[in-house]
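To start, the structure itself, in structure tokens.
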Amino acid sequence: NRAFYGIRPLYTKDNIPTNAVHGFINILKKHIFGEGRKEFVISDMPKTRRKQFVKLISNRIGKLLKINLLVFLFALPLIAWDILSLTYASSFGELNLVENLNKYITFLNNYKFPIKTILTMVLFLGVCGGAYVIRRLTWDEPISVFYDFKKGIKLSYKQFIIIGILFGIFAHIFELSFLLLKYNNVFDKTQLILLYALLFLSSVLLFILLMYSITLSSVYVSSLFTIIKTSLILTLKYFIKNLGIIALTLIPVMIWFLFDMIYLNFIGYIILGMCGFVYIGLIWFLYTYSVYDIHINLKQYPDYYRKGLYK
């Protein structure tokens with residue numbers, strides 16, 4: 001009776017009822033294979049950003065790896081140019097000689113910096129597309145990786161290009177500053193330690209500011225001035241927490257580039273190519289969402305408050 005009456009009426013083309021057969025087969029399948037896939041309910045959504053991270057890694061790893069590959073393809077020209085520049089730099093000889101150092105700085109200013117800035121803009125177009133797809137993933141929205149990647153670039157490419165140019169300029173300033181500190185004999189040991197510490201702190205602040213700018217640009221429709229202003233406020237307000245997120249994201253990915261060893265650098269590039277970009281991006285997105293929920297979404301964008309989480 002349950003097999004026949006438990007489902008809607010079913011008939012063959014000759015008007016023969018098949019409810020019982022169909023119902024019996026379904027009951028048999030449940031006994032053999034179990035209940036099957038559980039129907040999704042709202043309460044199944046993660047309740048915290050940490051649980052959301054685990055869920056995304058468990059259920060969406062394939063899409064995350066595709067996003068990473070696309071961003072890495074946009075980063076390849078910049079990586080190749082950096083490698084070529086470092087190779088060419090060896091032709092200048094010992095940089096502790098003033099004449100060689102001046103030649104190398106001229107090369108940096110006239111050749112490496114302009115080309116690197118253009119390639120950084122290309123990289124940030126990839127970051128723009130990847131950020132949009134990650135946003136949709138974290139909001140538990142349906143995605144098509146390639147379609148949404150292209151859509152993300154169309155929606156926010158102007159802001160990301162400007163952010164890329166600014167990042168390229170600051171990165172160039174830091175590179176020049178590091179060179180001058182390393183090969184300049186004007187400062188004593190104490191001064192050098194203080195200047196290195198200041199340079200390190202400035203680079204950390206720049207990276208935090210960059211990550212806030214990327215997530216803000218991909219979520220809200222705001223002017224670049226507002227994005228940079230908000231990023232700076234949140235960078236300073238949550239500086240200690242931001243440092244913890246930097247340690248969590250950058251150390252596993254970027255530590256390979258701190259050593260002047262080709263095989264370690266190669267491992268670093270492999271990690272970046274496989275999962276590095278999306279690992280850094282996903283953690284920063286989820287972390288900054290928790291910040292935005294408190295300072296922006298609760299009052300200004302209630303529809304965005306705890307979006308992707310069980311409320």
Side-chain angles (χ1 to χ4, degrees), residues 68 70-89 92 95 101 103-132 149 152-182 196 198-218 222-232 235 242 246 249-250 253-254 256-258 265 268-269 272-273 276-278 280-281 284:
N68 192 89
L70 287 172
V71 177
F72 184 70
L73 290 176
F74 278 77
L76 270 179
L78 180 60
I79 293 172
W81 177 241
D82 268 341
I83 294 173
L84 286 173
S85 299
L86 287 173
T87 304
Y88 183 68
F92 289 100
L95 295 182
L101 181 61
K103 287 181 180 179
Y104 183 57
I105 290 175
T106 301
F107 165 73
L108 290 180
N109 291 330
N110 296 343
Y111 298 100
K112 185 178 180 180
F113 169 62
I115 296 175
K116 188 171 183 177
T117 301
I118 294 171
L119 298 180
T120 302
M121 291 163 56
V122 173
L123 166 61
F124 272 77
L125 286 177
V127 172
C128 176
Y132 180 76
F149 190 89
I153 293 175
K154 289 180 182 179
L155 289 174
S156 306
Y157 72 92
K158 291 180 181 179
Q159 285 182 329
F160 275 82
I161 284 177
I162 296 173
I163 292 172
I165 292 172
L166 293 174
F167 178 77
I169 292 171
F170 280 108
H172 181 64
I173 292 171
F174 285 132
E175 186 175 6
L176 285 178
S177 301
F178 177 76
L179 273 174
L180 292 174
L181 287 178
K182 185 176 181 180
Y196 272 124
L198 180 62
L199 187 61
F200 174 76
L201 180 62
S202 301
S203 62
V204 168
L205 284 170
L206 176 65
F207 181 80
I208 297 171
L209 190 66
L210 172 68
M211 297 311 296
Y212 275 112
S213 299
I214 288 173
T215 54
L216 284 168
S217 297
S218 65
S222 302
S223 67
L224 187 63
F225 174 79
T226 302
I227 286 172
I228 293 176
K229 176 185 173 183
T230 306
S231 299
L232 184 59
T235 295
N242 294 334
I246 280 187
T249 54
L250 285 191
V253 178
M254 305 306 294
W256 311 97
F257 300 101
L258 296 179
N265 296 163
Y269 287 127
L272 275 177
F277 287 111
V278 79
I280 294 171
W284 271 97

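Just so you know, these numbers use all the heavy atoms, side chains as well, and skip hydrogens, waters and symmetry mates. This is a predicted model, so every value here is computed, not measured.
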Closest heavy-atom pair and its distance - Trp81, Lys112 | NE1-O, 3.3 Å

side-chain contact (heavy atoms from CB on, under 4.5 Å) between Leu123 and Phe160: does it pass, once the steps are laid out?
-> CA-CA 10 Å; Leu123 166 61; Phe160 275 82; over 6 Å; no

Rounded distance [0.5 Å steps], CD1 in Ile79 versus CG in Leu84 = 12.0 Å

Rounded distance [0.5 Å steps], CD1 in Ile115 versus CG in Leu78 = 11.5 Å

Working to the nearest 0.5 Å, report the span between OH of Tyr104 and CG of Leu176.
-> 9.0 Å

Drop me the distance from Lys116's NZ to Asp82's CG, to the nearest 0.5 angstrom.
-> 4.0 Å

Those residues at least two apart in sequence (or on a different chain) that pass salt bridge (charged side-chain N to carboxylate O under 4.0 Å, His left out) with Lys158 are none

Counting only heavy atoms not in Phe107, do more than 12 fall under 6.0 Å of its CZ?
-> yes

d(Ile161 CD1, Cys128 SG) to nearest 0.5 Å is 8.5 Å

Tell me, with the steps shown, if Ile83 and Leu86 meet side-chain contact (heavy atoms from CB on, under 4.5 Å).
-> CA-CA 5 Å; Ile83 294 173; Leu86 287 173; 5.8 Å; no

Residue pair Phe277 / Phe74, side-chain heavy-atom distance below 4.5 Å = no

Within the side chain of Gln159, is there an N or O that forms a donor-acceptor pair under 3.5 Å with the backbone of Ser222?
-> yes

Measure the shortest side-chain to side-chain distance between Val71 and Phe149 over non-hydrogen atoms and say whether it is less than 4.5 angstrom.
-> yes

Any side-chain heavy-atom pair of Ser202 and Phe170 under 4.5 Å | no

So Val127 and Ile163, side-chain contact (heavy atoms from CB on, under 4.5 Å) or not? Walk me through it.
-> CA-CA 11 Å; Val127 172; Ile163 292 172; over 6 Å; no

Taken to the nearest 0.5 Å, the spacing of Ile228 CD1 from Thr235 OG1 works out to 11.0 Å

Side-chain heavy atoms of Met121 within contact of Tyr157, under 4.5 Å | no

Quick one: does Thr106's side chain get under 4.5 Å of Tyr111's, heavy atoms only?
-> no

Minimum heavy-atom distance between Ile246 and Trp284, given as atom pair plus value | CG1-CZ2, 3.7 Å

Of the non-hydrogen atoms in Leu108 and His172, which two are nearest, and what is the gap between them?
-> O-CE1, 3.7 Å

Below 3.5 Å, can you tabulate the donor-acceptor pairs from side chains in residues 203-217 to any protein atom, sequence neighbours excluded?
{"from": "Ser203", "atom 1": "OG", "to": "Leu199", "atom 2": "O", "distance (Å)": "3.3"}
{"from": "Ser203", "atom 1": "OG", "to": "Phe200", "atom 2": "O", "distance (Å)": "2.6"}
{"from": "Tyr212", "atom 1": "OH", "to": "Asn242", "atom 2": "OD1", "distance (Å)": "2.9"}
{"from": "Ser213", "atom 1": "OG", "to": "Leu209", "atom 2": "O", "distance (Å)": "2.8"}
{"from": "Ser213", "atom 1": "OG", "to": "Ser231", "atom 2": "OG", "distance (Å)": "3.3"}
{"from": "Thr215", "atom 1": "OG1", "to": "Met211", "atom 2": "O", "distance (Å)": "3.1"}
{"from": "Thr215", "atom 1": "OG1", "to": "Tyr212", "atom 2": "O", "distance (Å)": "3.1"}
{"from": "Thr215", "atom 1": "OG1", "to": "Tyr292", "atom 2": "OH", "distance (Å)": "2.6"}
{"from": "Ser217", "atom 1": "OG", "to": "Ser213", "atom 2": "O", "distance (Å)": "2.7"}

Flag the pair Thr249 / Met254 as yes when at least one side-chain heavy-atom distance between them is below 4.5 Å, and no otherwise.
-> no

Would you please name every residue forming a side-chain contact (heavy atoms from CB on, under 4.5 Å) with Leu180, sequence neighbours left out?
-> Ile105

